[in-house]
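Okay, so here's the structure we're looking at.
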Amino acid sequence: MGTEQYRPFTETHVLALPLPFQGHINPMLQFSKRLASKGLKVTLLSFIDKQITRTKHGSVNIEFISSDGNKEDDYFQNLKSIVSIKLPEIVARNGESGYPVSCLLYDSVMPWALDIARELGLFGACLFTQSCAVSTIYYKAHEGALSTPVEKVPVSIEGMPLLDLYDLPSFFFDLENYPTVLTLLGNQFLNTGDADWVFFNTFCELEDEVINGMIARKFPIKPIGPSIPSMFLDKRIQDNKDYGLNLHKPNIENYMKWLDSNETCSVIYVSFGSLCIMGEKQMEEIAFGLKRSNHYFLWVVRESEEEKLPSNFVEETMEKGMIVTWCNQLEVLAHKSTGCFMTHCGWNSTMEALSLGVPMVAMPQWCDQTTNAKFVADVWRTGVRVKVDEEGIVTKEEIEMCLKEVMEGEIRKNCEKWKKLAKEAMDEDGSSDKNVEEFVAKLMPTSQ
Ligand code: UDP
C-alpha cells in the first residue's frame, strides 16, 4: 500500500484549496494526507472557522482563511477575492519561515486559482472531485455538443451507456431552479489544459473508457482515487483513526457499538449526504419503506431534516433502527454488519461504497447523483436504482422492494470485484498510486 512508508519531510510545500463543502473537503483532505505520507508538507486552506477549529489534522496542517470584510453577492466571486488577497500573504509568510510553497492544489470548480498560482510563481494542480463520466458530460455542454434543453434523448457519449434525460446531471433537466450552474461547471475546463496536473478522484479501472476519452481530448488527466484512508482499503494498515474533517456532528456516539451488536450484513445504512433536502412526504415514504423492510437500519438525518420525520417513528422503530444526525460514514461502510447503503449517490459516497464492497440502493436527488446512480445500476452493477412515481416520489413499496433485492439478492457478490480493484489501484505501484508518486517525484527538490 502506497501510504505504508512514511518518509521524512522535505522543504516541498503544497497548499491545498478545497471548495468549502463536505463533499469537496473530504477528497482534498485525503489526497493531501496521501501526499504528506509520501514526504510533502501539505497545508489545507479552510474557509470555515466555526466547525474547523484545529490547526493540524494528522500529517496535514490546516490554515483558516478569514473572509472578513469580503461579502460580494456572488459566492464564487467572493471566494475568488478572498483567495486573491490572502494567498500572496500565506505564500510570503511560509517562504520566510523556511517552508516555501511550490504548488497550489485547487478544486477544479475554482479555475481562477490557477491564475493566482501563476502570479505567485507556483505550479498549479487541479482536483476534480466528481466522476470522470460526469465531468465529460459537463465538458460536452461546455463545448456545445450537448445543449439545454437537451434536443434528443437518449444521449450517446463514447464510453457510456445510452443516457436518458434523468440519467444526465440534474442541471440538464431542472433548468428552472439552476439556470446557470452548467456554465459554472463548464468553466472548469477553461484553463484545464494550462494546469501542470489534472487529478481526478477516480481510478483507471473504474472509468477506463471515459478517462481515455478525456486524455484523447488533450486533457492529461491523472486518476488518484479512491481518496479513502488506507486503513479502510486494507485492514492490515492502521492509519490515524482521526481521518475526517466533519462539518456536522453526530448526536449519538454509540452507533458503532450498536453495529457491533448486529449480525454480518444485517443492517441497512441510509444517508443522503451533507446537502440534500427531502420533502416531508418523501421522508415519510423512506421511513415507512425502512419499517416495511423489517431489517435493522442506521439512518443519518441531519439536524435540519429531523422535524420531517413522521411523528412517533423514532419510538416505534427503536427495536430495529437508530437515527443519528451524522456519523463517520467510512467506519459505518467498512463495518461487517452493514449490508446495504441506501444513498443519494454523491460521488464520495458512491466511491466509498464501491471501494468497501457495499451494495447500494441508489436514490439520487440532484446534481451529478442521477448519473452516478445510472452507472451504479447499469455499468458497475453494484446496486439498484429506485423508480420515481408520477408525483416525483419514491414510494414505501418501491423502497421496500429495492431494499429486499439488495439485502437478499445476488448483487453483493458483484461488489467484491470493485473493492479489489479499488484497493489494487491504491496499492504500491497501483494505477492511482503511480500517479501520486509521479507528482511527488516532480515536486521533490532533487528533481526540480
Ligand atoms: N459523510 C459522513 N457522515 C455522514 C454523511 C456523510 O462522513 O453522516 C461523508 C461521506 O463519507 C462523504 C461526504 O460526507 O465523504 C459526502 O459527500 P458526497 O459526495 O457523498 O455527498 P454530498 O454531501 O457532497 O452531497
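Whatever order the structure lists ligands and atoms in, that order sets their numbers, starting from 1.
Scanning the protein heavy atoms around atom 20 (O) of ligand 1, the nearest turns out to be S349 OG, 2.5 Å. Nearest protein heavy-atom neighbour of atom 15 (O) of ligand 1: E352 OE2, 2.7 Å. Protein heavy atom closest to atom 1 (N) of ligand 1, with residue, atom name and distance, is W326 CZ2, 3.4 Å. Among all non-hydrogen protein atoms, the one lying nearest atom 19 (O) of ligand 1 is N348 ND2, 2.8 Å. In this structure, the protein non-hydrogen atom closest to atom 24 (O) of ligand 1 is G23 CA, 3.6 Å. If you check which protein heavy atom lies closest to atom 21 (O) of ligand 1, you get H344 NE2, 3.0 Å. For atom 13 (C) of ligand 1, the closest non-hydrogen atom of the protein is N26 ND2, 3.5 Å. The protein non-hydrogen atom at the shortest distance from atom 8 (O) of ligand 1 is C327 N, 3.1 Å.
Around the CD atom of E303, the shell of radius 6.0 Å holds no more than 12 heavy atoms that belong to other residues, nucleotides or ligands.
Y178 has its ring centre less than 6.0 Å from the ring centre of W366. Taking the centre of each ring, Y269 and F297 stay at or above the 6.0 Å mark.
For K222 and F199, the positive end is not near the middle of the six-membered ring at less than 6.0 Å and at most 45° from its axis.
Contacts with ligand 1 closer than 4.0 Å are made by no heavy atom of H24, backbone or side chain. Proximity of Q329 to ligand 1, defined as any heavy-atom pair under 4.0 Å, is shared by backbone and side chain alike. Heavy atoms of S274 found under 4.0 angstrom from ligand 1 belong to the backbone as well as the side chain.
Under 4.0 Å is where a charged nitrogen must lie from a carboxylate oxygen, and between K434 and D427 no such pair does.
By the 4.0 Å heavy-atom criterion, R302 is excluded from the residues contacting ligand 1.
In the vicinity of G273, heavy-atom distances shorter than 4.0 Å reach the ligand 1 atoms 23 (O). Heavy-atom proximity to G346, at under 4.0 Å, picks out these atoms of ligand 1: 18 (P), 19 (O), 20 (O), 21 (O). Listed by number with element, the atoms of ligand 1 under 4.0 Å from a non-hydrogen atom of W347 are 19 (O). If you number the atoms of ligand 1 from 1 as listed, the ones under 4.0 Å from a heavy atom of S271 come out as 5 (C). With ligand atoms numbered from 1 in the order given, ligand 1 contributes 14 (O) to contacts under 4.0 Å with heavy atoms of Q22.
Sorted by first and then second residue, the salt bridge (Lys or Arg N to Asp or Glu O under 4.0 Å) pairs involving residues 204-214 (not counting sequence neighbours) form an empty list.
In this model, no donor atom of one side chain and acceptor atom of the other lie less than 3.5 Å apart for N26 and N246. Checked by atom type, the side-chain pair Q188/S108 shows a donor-acceptor distance below 3.5 Å.
The distance from atom CH2 of W258 to atom CD1 of I252, rounded to the nearest 0.5 Å, is 10.0 Å.
The ring pair (Phe, Tyr, Trp, His ring centres under 6.0 Å) with F128 is formed by just one residue from the set F189, F219, Y138, Y139; it is F189.
Scored by the salt bridge (charged side-chain N to carboxylate O under 4.0 Å, His left out) test, E280 finds no partners at all (sequence neighbours excluded).
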